[in-house]
Amino acid sequence: MPELPEVETIARGLAKRVTGDLVESVWLGQKPEPLKSPAAEIAATLEQSRIATVRRVGKHIVFDLERSAGRVGRTLLSAKGKQTKPARPGSRVKRSLDSSTMHAEADKSVRPTHAVPTNAQWIVHLGMTGSLRICESRDEVLKHTHAILKLASGRELRFIDPRRFGRLSVAKAGDFDAGGYEPLEVELDRFTALFRGRKTPIKSALLNQKLLRGVGNIYADESLFRAGIRPRRRASSISHEQLQKLFLSVKEVLREAIALGGSSVSDYVDADGEEGFFQLEHRVYGREGEPCLVCKSPVKRIVIAGRSSHYCPKCQK
DNA sequence: ACTATTTCCTGGATGC
DNA sequence: TGCATCCAGGAAATAG
């Protein structure tokens with residue numbers, strides 16, 4: 001179940017291996033659930049785009065795409081002869097409406113094959129069981145494969161997701177907004193303000209992606225344990241001092257988990273097929289009935305908002 | 001404006 | 001051994 005540290009690990013691994021590669025063609029499966037944008041739009045955006053960067057935003061993986069208008073223009077010209085309206089899909093995307101006409105006119109007359117980045121994005125959410133794998137084209141196409149990107153390097157980037165909780169979408173650059181603050185970047189006063197006046201359990205607030213983006217069930221439980229706060233405590237009832245502790249705990253847990261490549265539970269592996277090791281550092285998650293590592297009390301498991309929540313009844317108040 | 005609950009989905013674990 | 005049932009959970013939708 002990829003949360004922030006797993007997604008960060010995956011994005012870093014993908015960045016190493018596909019940055020600069022060109023998407024030559026795209027195959028999308030028939031199951032509609034994983035597609036948040038129309039299939040034709042996803043394919044059209046990806047095809048003939050260069051992957052400029054791969055990065056994590058919350059639990060999303062964002063591929064920043066660039067398209068060389070020169071390449072497209074040249075292809076069209078050679079195939080169809082001189083066109084009065086050269087197709088340059090890149091020119092319109094970034095510029096404002098006011099200036100686009102002028103620029104288009106100028107570009108057309110002076111440099112019809114000038115490269116203009118289109119600045120689109122491919123956004124992948126892995127859900128519970130989604131994975132992105134770099135394959136050779138001869139590799140067996142696994143069951144539950146929903147998308148295959150053929151790359152100019154000869155490899156394929158495949159999206160596989162048995163449970164289909166994952167989502168694929170495309171957006172123009174700058175249009176994608178995951179909401180919430182990045183937990184590793186947020187400042188203390190903004191962090192504490194998130195919980196002011198909220199009657200919901202602190203655990204639920206931590207899982208709310210509109211407040212903080214990227215914290216999931218494992219890291220919420222682990223952060224609350226380190227901060228000594230019970231998951232059912234109402235967010236508004238937590239003292240400033242305790243929130244300060246939670247602020248530090250969240251960052252500490254996430255940083256340690258990223259350093260260890262995330263937590264490998266439910267067969268999570270990163271882009272290189274490597275397991276993470278933070279599951280060995282879990283102090284409460286998945287340890288129901290086992291002794292607290294600090295006080296030896298049995299770890300309790302309760303359900304909050306349908307999520308299992310683990311805590312030490314003695315260490316957490 | 002919030003908050004709580006339900007729904008989606010399948011593989012693996014459990015129970016009889 | 002086989003078959004049914006339950007469970008995992010992120011986020012969107014729905015209800016209050």
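To find a chain, count down the sequence lines: A is the first, B the second, and so on, and within it residues start at 1.
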Strictly below 4.0 Å: does [X] bring a side-chain N or O up to OP1 or OP2 of [N]?
X: A:R164; N: B:dT7; value: no
X: A:K143; N: B:dG11; value: yes
X: A:K199; N: B:dA4; value: no
X: A:Y285; N: C:dG9; value: yes
X: A:H144; N: B:dG11; value: yes
X: A:S308; N: C:dG9; value: yes

Closest-nucleotide ordering on DNA chain B, the 5'-leading residue of A:P162 and A:T200: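 Mapping each residue to its closest nucleotide by heavy atoms, the 5'-most match is A:T200.
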Taking atom [atom2] of [N] as reference, at what distance in whole Å does atom [atom1] of [X] sit?
X: A:N217; N: C:dG10; atom1: CG; atom2: C1'; answer: 10 Å
X: A:K203; N: B:dA4; atom1: NZ; atom2: P; answer: 14 Å
X: A:H146; N: B:dC9; atom1: NE2; atom2: C1'; answer: 10 Å
X: A:L212; N: C:dG10; atom1: CG; atom2: P; answer: 14 Å
X: A:D161; N: B:dT10; atom1: CG; atom2: P; answer: 10 Å
X: A:R167; N: C:dA11; atom1: CZ; atom2: C1'; answer: 9 Å
X: A:Y219; N: C:dG10; atom1: OH; atom2: C1'; answer: 15 Å
X: A:I302; N: C:dG9; atom1: CD1; atom2: P; answer: 13 Å

Could you check whether any side-chain heavy atom of [X] comes within less than 4.5 Å of a side-chain heavy atom of [Y], counting everything from C-beta outward?
X: A:V250; Y: A:Y219; answer: no
X: A:P231; Y: A:Q316; answer: yes
X: A:F225; Y: A:V299; answer: no

Under 6.0 Å from the NZ atom of A:K317, do we count more than 12 heavy atoms belonging to anything else shown?
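Yes.
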Checking side-chain polar atoms at under 3.5 Å, does A:H310 have a donor or acceptor matched by the opposite partner on A:D221?
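Yes.
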Less than 4.0 Å between a side-chain N and a carboxylate O, is that true for [Y] and [X]?
X: A:R56; Y: A:E182; answer: yes
X: A:K150; Y: A:E24; answer: no
X: A:R155; Y: A:D21; answer: yes

Describe the nucleic acid contact of A:R301 in one word from base, sugar-phosphate, nothing, applying a heavy-atom distance below 4.0 Å.
->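 Result for A:R301 = sugar-phosphate.
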ask   = When all nucleic acid strands are considered with a 4.0 Å heavy-atom cut-off, which category describes A:R198: base, sugar-phosphate, or nothing?
value =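 Sugar-phosphate contact only.
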- [ ] Can you label the angle between the A:H146 ring and the A:F159 ring as parallel, tilted or perpendicular, going by 30° and 60°?
- [x]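 Correct class here is tilted.
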Once you measure the plane-to-plane angle for A:H60 and A:F176, does it fall in the parallel (<30°), tilted (30-60°) or perpendicular (>60°) bin?
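Because their plane-to-plane angle is over 60°, the rings of A:H60 and A:F176 count as perpendicular.
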Does the base of C:dA8 carry an N or O that pairs as donor and acceptor with the side chain of A:R307 under 3.5 Å?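 Donor-acceptor pair under 3.5 Å: no.
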Problem set entry | Residues in contact with DNA chain B, drawn from residues 249-256 of chain A - heavy-atom cutoff 4.0 Å |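 Heavy-atom cutoff 4.0 Å gives no residues at all.
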Which of residues 174-182 of chain A have a heavy atom under 4.0 Å from DNA chain B?
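Within residues 174-182 of chain A, no residue comes under 4.0 Å of DNA chain B.
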Quick test of the criterion, 5.5 Å between centres and less than 30° between planes. Is A:F165 stacked on C:dA11 or not?
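Answer is no, no stack.
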- Message: Side chain of A:A305, heavy atoms from C-beta onward: which of B:dA4, C:dG9, B:dT5 has the nearest atom to it?
- Response: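 Nearest nucleotide to the side chain: B:dT5.
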